[in-house]
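Treat the numbers as computed from the prediction; the structure is a model and nothing was measured. Heavy atoms only: backbone and side chains are in, while hydrogens, waters and symmetry mates are out.
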Amino acid sequence: MENLNLNDIEQIMTFYLIFNFVIFACIIYIIISLIFRLLPKNKKQEEQSKDNKKNKSIKKKKKKDIIDLFWTEDKDSKTKTTIKRSVFIIFIAFTLYYIFNSINFIIANIDVVKKVLKIE
């Protein structure tokens with residue numbers, strides 16, 4: 001792959017497989033983060049975390065991830081929270097639809113994929 005040749009199906013398939021792998025890994029991360037966010041915590045853990053927060057006078061900034069951006073409740077309005085969550089779910093649905101279509105494409109072109117991955 002010294003130079004990019006868009007007529008070479010093996011190069012195109014290589015980039016396509018890499019792109020699909022990255023998207024699939026991101027979707028898995030988002031879904032796992034969402035599942036852990038929705039699972040209820042033990043009451044003891046919540047009480048301990050509240051006590052720890054009261055004891056600490058120094059506030060640390062928490063890094064926000066994509067789940068915090070879309071899933072946290074907006075204090076101003078419930079409709080804004082609902083819209084953000086709806087957009088997030090639609091985003092996940094479209095991305096999963098793309099992944100399933102790409103799997104069908106890969107299955108249809110399995111011979112080229114075997115050449116790219118050097119599977120015999």
Side-chain angles (χ1 to χ4, degrees):
M1 290 179 62
E2 293 176 8
N3 55 5
L4 183 64
N5 183 5
L6 295 178
N7 292 328
D8 188 9
I9 190 73
E10 292 180 9
Q11 282 187 357
I12 294 171
M13 189 60 75
T14 303
F15 291 125
Y16 188 72
L17 290 173
I18 292 169
F19 184 69
N20 282 339
F21 178 75
V22 169
I23 288 177
F24 190 67
C26 292
I27 287 297
I28 294 295
Y29 167 74
I30 289 171
I31 290 173
I32 289 174
S33 298
L34 187 62
I35 288 171
F36 282 116
R37 182 128 344 194
L38 294 177
L39 289 176
K41 295 181 181 178
N42 292 336
K43 291 181 181 179
K44 292 179 182 178
Q45 289 176 348
E46 289 178 3
E47 290 174 3
Q48 289 175 355
S49 65
K50 287 180 184 176
D51 291 337
N52 290 340
K53 288 180 184 177
K54 290 178 183 177
N55 293 337
K56 293 182 181 178
S57 61
I58 301 173
K59 293 184 179 180
K60 294 182 180 178
K61 287 188 176 181
K62 182 183 174 188
K63 293 181 181 178
K64 288 195 170 188
D65 59 352
I66 194 155
I67 303 297
D68 287 335
L69 180 66
F70 283 103
W71 205 258
T72 54
E73 291 189 26
D74 194 6
K75 296 175 184 173
D76 297 334
S77 67
K78 290 283 186 183
T79 56
K80 189 173 180 181
T81 303
T82 306
I83 290 171
K84 285 182 0 182
R85 289 181 180 179
S86 301
V87 167
F88 183 62
I89 291 171
I90 289 170
F91 169 71
I92 289 175
F94 277 124
T95 310
L96 288 174
Y97 178 73
Y98 171 78
I99 292 291
F100 290 132
N101 280 338
S102 66
I103 290 171
N104 287 335
F105 177 76
I106 290 170
I107 290 172
N109 296 310
I110 196 72
D111 296 332
V112 178
V113 173
K114 285 182 180 179
K115 285 181 185 177
V116 169
L117 298 176
K118 297 177 182 171
I119 300 173
E120 295 188 26

Study note, to complete from the structure: d(Phe88 CZ, Ile92 CD1) to nearest 0.5 Å is 3.5 Å

Check your understanding: Rounded to the nearest 0.5 Å, how far apart are CG of Leu17 and CZ of Phe24?
Key -> 13.5 Å

Review point. Would the number of heavy atoms belonging to other residues, nucleotides or ligands and lying under 6.0 Å from NZ of Lys115 be above 12?
Key: no

Check your understanding: Is Phe21 linked to Ile28 within one hydrophobic cluster, defined over Ile, Leu, Val, Met, Phe, Trp and Tyr using a side-chain heavy-atom separation of less than 4.5 Å?
Key -> no

Exercise for review: Mind checking the CG-CG spacing from Asn20 to Asn101? Nearest 0.5 Å is all I need.
Suggested key: 10.5 Å

Practice item. Answer with yes or no whether the hydrophobic clustering places Ile107 together with Val116; edges join I, L, V, M, F, W, Y residues whose side-chain heavy atoms lie under 4.5 Å apart. Key: yes

Practice item. Calculate, to the nearest 0.5 Å, the distance between atoms CZ and CG belonging to Phe91 and Leu96 respectively. Key: 9.5 Å

Point to revise | Over 12 non-hydrogen atoms of neighbours within 6.0 angstrom of OH in Tyr98 | key: yes

Point to revise | Cluster overlap Tyr97 with Val87, hydrophobic side-chain contacts below 4.5 Å | key: no

Check your understanding: When rounded to the nearest 0.5 angstrom, what distance separates CE in Met13 from CG in Leu117?
Key -> 9.5 Å

Check your understanding: When rounded to the nearest 0.5 angstrom, what distance separates OG1 in Thr95 from CD1 in Ile90?
Key -> 11.5 Å

Review point. Should Tyr29 and Val22 be regarded as members of a common hydrophobic cluster, given that ILVMFWY residues are connected when their side-chain heavy atoms come within less than 4.5 Å of each other, either directly or indirectly?
Key: no

